[in-house]
Amino acid sequence: MSIIATNIKKTFGAYTALEGVSLNVPAGKLVALLGPSGSGKTTLLRIIAGLEFADEGSGRIEFHGEDVTETPAGKRGVGFVFQHYALFRHMTVAQNIAFGLTVRPRKERPPQKEIDARVQELLKLIQLEDLGNRFPTQLSGGQRQRVALARALAVQPKVLLLDEPFGALDARVRKDLRRWLRHFQREIGITTIFVTHDQEEALELADEVVVMNNAKIEQVGTPQEVYDRPSTPFVIEFLGNVNRFAALGHPLHGAGSDVLYVRPHDVDIQRDYHGEHGIRVRVQHVFSAGNYGRIALIRADNGETIDAELSRVRLAELSLQVGDEVWVVFRHIRLFPAGAFSERDVATDDAIPATLDAGRGI
Amino acid sequence: MSTRTARTILPGFGLSLGFTVFYLSLIVLIPLSAAFIKTSAMSWSEFTDAVASPRVLASYRVSFGISFLAAAVNAFFGLIVAWVLVRYPFPGKRVVDALVDLPFALPTAVAGIALTAIYARNGWAGFLEPLWAGGVGRLEQWIPWGNWAEWLGLKIAFDRPGIFIALTFIGLPFVVRTLQPVLEEMEPELEEASATLGATRWQTIRRVILPELAPALITGFAMAFARALGEYGSVVFIAGNMPMHSEITPLLIITKLEQYDYQGATAIAVVMLIASFVLLLLINLLQKWSRRHHKI
Amino acid sequence: MASAVSSLNKAGPRTHTTRATRDSDWVRWTLTGVALLFLAGFVLLPLGAVFAEALRKGWAVFFASFIDPDALAAIRLTLITTLVAVPANVVFGVAAAWCITKFSFRGKSVLITLIDLPFAVSPVIAGLIFVLVFGLQGWLGHYINAENPWFPWLQQWLVEKDFKIIFATPGIILATIFVTFPFVARELIPLMQAQGTDEEYAAVTLGAGGWQVFWRVTLPNIKWGLFYGIVLCNARAMGEFGAVSVVSGHIRGETNTMPLHVEILYNEYQFSAAFSVASLLALLAIVTLVLKSFIEWRHSRTHA
């Protein structure tokens, strides 16, 4: 079941939540809506679910080619999972899961036996077979989230929508549940959209990432695409750490108010360097606890800080000490012309001559 | 909230606790115990004679029955008032919200004479009495085996319906004020979840919202009921105070006192005190339970 | 049960604008209509009736009701009673809230329940228990009439002074203190519980003494809650009828408070005079509600 949202506008009083957003989600895909809070991602999800409606006269939502713009939430066939689960506290886990089936009109309601069987099946799917008679208050956060998912799935929705599904969980549980969700989504192949502000989560989990900012979509692409070829300064800054420089002063490196970005892992440090693209820096700090070494460097010419990440092997080879004077070389740079910031209309990859392939050095 | 370290660091524990317990004993515990001590001096038969004579039993029926009815009416309308105040915007909402507390702030004697002025035969709403009597007449026509006229009384003021009106008036804030915070804190996501699962609005109200509100609703009901049981000031003016028919138990206690029957008055008071304490216990348990149950 | 009227601790209102969960217009209008009609009939109408009846015979009669010496005596007694009862319960409320919220000790929840007890007691019974303790037929009476009392000098002093509590001002004050007992404490305990002990702890580490901590850290934090408790306590103290009625003895000009004076006038069919004095009490209720709304409005603004 594909989802197409066209030109969705939404304002709350004077505040604009969505500024004419369009989105196309192919059937069976797992898509992440990624952005900071206030970017409009949750509003978009809620409009797709039918919990919110786009401003009068704007927007159109289609499920599998069928216009559902005016269809109320309960009739759209969506499964919605809320950030704080929104489980019904006075019902057991089993009653929660069965709720969507038991509220159907008598004619469409499956017999009680079938409902029970469906609940058992779902309990098994979420690995909580023995907890059907518990109340939500007696479950852990991760268990509650899975019950919420099962409740949403019980009505056999055509699409699954999750609002910050892991936001309220602690780090460990989040990792486990994330893996479980991906596995599970691949298995049943349901079109799924989830909202998150955690770039790592989006990149790890999604087939496709929709990066949102300021009521607009900045970029849509596979995790690899949005990470390696971010199309706007916002995307590159939002997806992981990055060094930001004003133009480096070399013709190839842009001019005037152009801005350059270099990921810390694209910064190479060398003790001796004789090429023309090296920058003289001084080591300010070395953090060697962790999977890789992180080094804070200060440019000798203008005092700007540069962050670098090196493998621990490389770090050991270099045996850097605070105060050492060394060279850095950038393996990969992204340049955005000055206009990219004000106009949002950004350079594509080809238009940026300074984007060089790894290892070529500048 | 307090911690072990706070106990040793902050001063004034001994002084404040000592004063609290002393003052509590002096004003509340010792005087209350006087009622129980006085009663314990009675023999069992004296006690049962005092608390179970026909006139006293009739007063229980009036007090408990009408208090229950008034609390039930308050539960119903209180739910609507709380819902409207929390959910629907309308002009003058602040004033209406403040007015809910009027029965609490208005001295009961004032409420009593005001209600009497309204519902007495020649009063403001005196025109209601024929309507009321007509309604009772209809009831007798339709369901002839009920002794309606006697049970419900024909007049409003100076009879049982007057007691009902007074007790409804004074119990009104309790249900509204216990429901309001619960309604305000109820996550809208619960209703949205219900809606996305295909429930109709009515199903959502019946199966999600009402069960969610039930503990607060019962608590508010119990509070209104407890308050109505002990109410005196607003009722005496409007009740007519006919023994065996429209005499509430607190009034009977006063009547006994005026006849210098201290023992009889105290015995009845002890029965009422026990009823109130049971209600207080019930309310506390309910609140504790719902706090535990509702913490997610 | 004061929680029914205490709303300082509740969360601010939340607006529900989601279209998916909004009720249809006719439901909204019907329910709003029912709620407003119910409140109009049960609340607004009695309030209006008080003022209408008070002014039925004109302003001259209205004001004459207050110049009557018995009315003035009743007003004076009500003020005296309130001026003793309210401060007494403020001191108690602050002390109780301090030990309950700033320290942990066994039996705390029992203590909280006991503080609530007077709310569950019928005002008539509240009066009765003081008659049992201090009345002529009660413990005090027994002591005064005892043949061989403990402390004979005390008995003699009591007899000489013709010491009376019941059917006198002290009894009225005691009964009023009883019925208004929990108001301040009930308001302060949840408030101070929510605030915790961090600030006091910080003040102590900075070298403040006990009273300094209270006056300069705790009190500024609880002042609105305290004021709120005082407003409620005051309204109930001035308006109490049942408990005071039992212990007062209804001696005109001496042991009649305003509500009792209203009752006497009413029973003597001096309706206009009764409603005039009653309108003063109703005015007090309105002032209470206005103050209450004001405090809540302030609270919601500072805690938004």
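Since we're looking at a predicted model, the values are computed, not measured. Atom set for the values below is all heavy atoms of this structure, side chains included, hydrogens, waters and symmetry mates excluded. Just so we're on the same page: letters track the sequence lines, and every chain starts at 1.
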Around atom [atom1] of [X], are there more than 12 heavy atoms from other residues, nucleotides or ligands closer than 6.0 Å?
X     : atom1 : answer
B/F64 : CZ    : yes
B/K93 : NZ    : yes
B/F19 : CZ    : yes

Pairs in or reaching into residues 98-111 of chain A: which pass side chain to side chain donor-acceptor pair (under 3.5 Å), with residues at least two apart or in two chains?
A/T102-B/R207
Looking only at heavy atoms, what is the nearest atom pair of A/F88 and B/L190, with distance?
CE2-O, 3.4 Å
What is the minimum heavy-atom distance between B/A193 and A/A86, and which atoms define it?
CB-O, 4.1 Å
Taking B/Q203 for its side chain and A/V103 for its backbone only, find out whether a donor-acceptor pair lies under 3.5 Å.
yes
Point-to-point distance, once rounded to the nearest 0.5 Å, from [atom1] of [X] to [atom2] of [Y]:
X      : Y      : atom1 : atom2 : answer
B/E212 : A/M91  : CD    : CE    : 9.0 Å
A/I97  : B/L197 : CD1   : CG    : 11.0 Å
A/L87  : B/E189 : CG    : CD    : 12.0 Å

Segment of B/S194 engaging chain A (4.5 angstrom heavy-atom cut-off):
both
Would you indicate whether the side-chain heavy atoms of A/F82 and B/E192 approach each other to under 4.5 Å?
yes
Who in residues 149-158 of chain A is close to chain B, using a strict under-4.5 Å heavy-atom cut-off?
A/R151, A/A152, A/V155
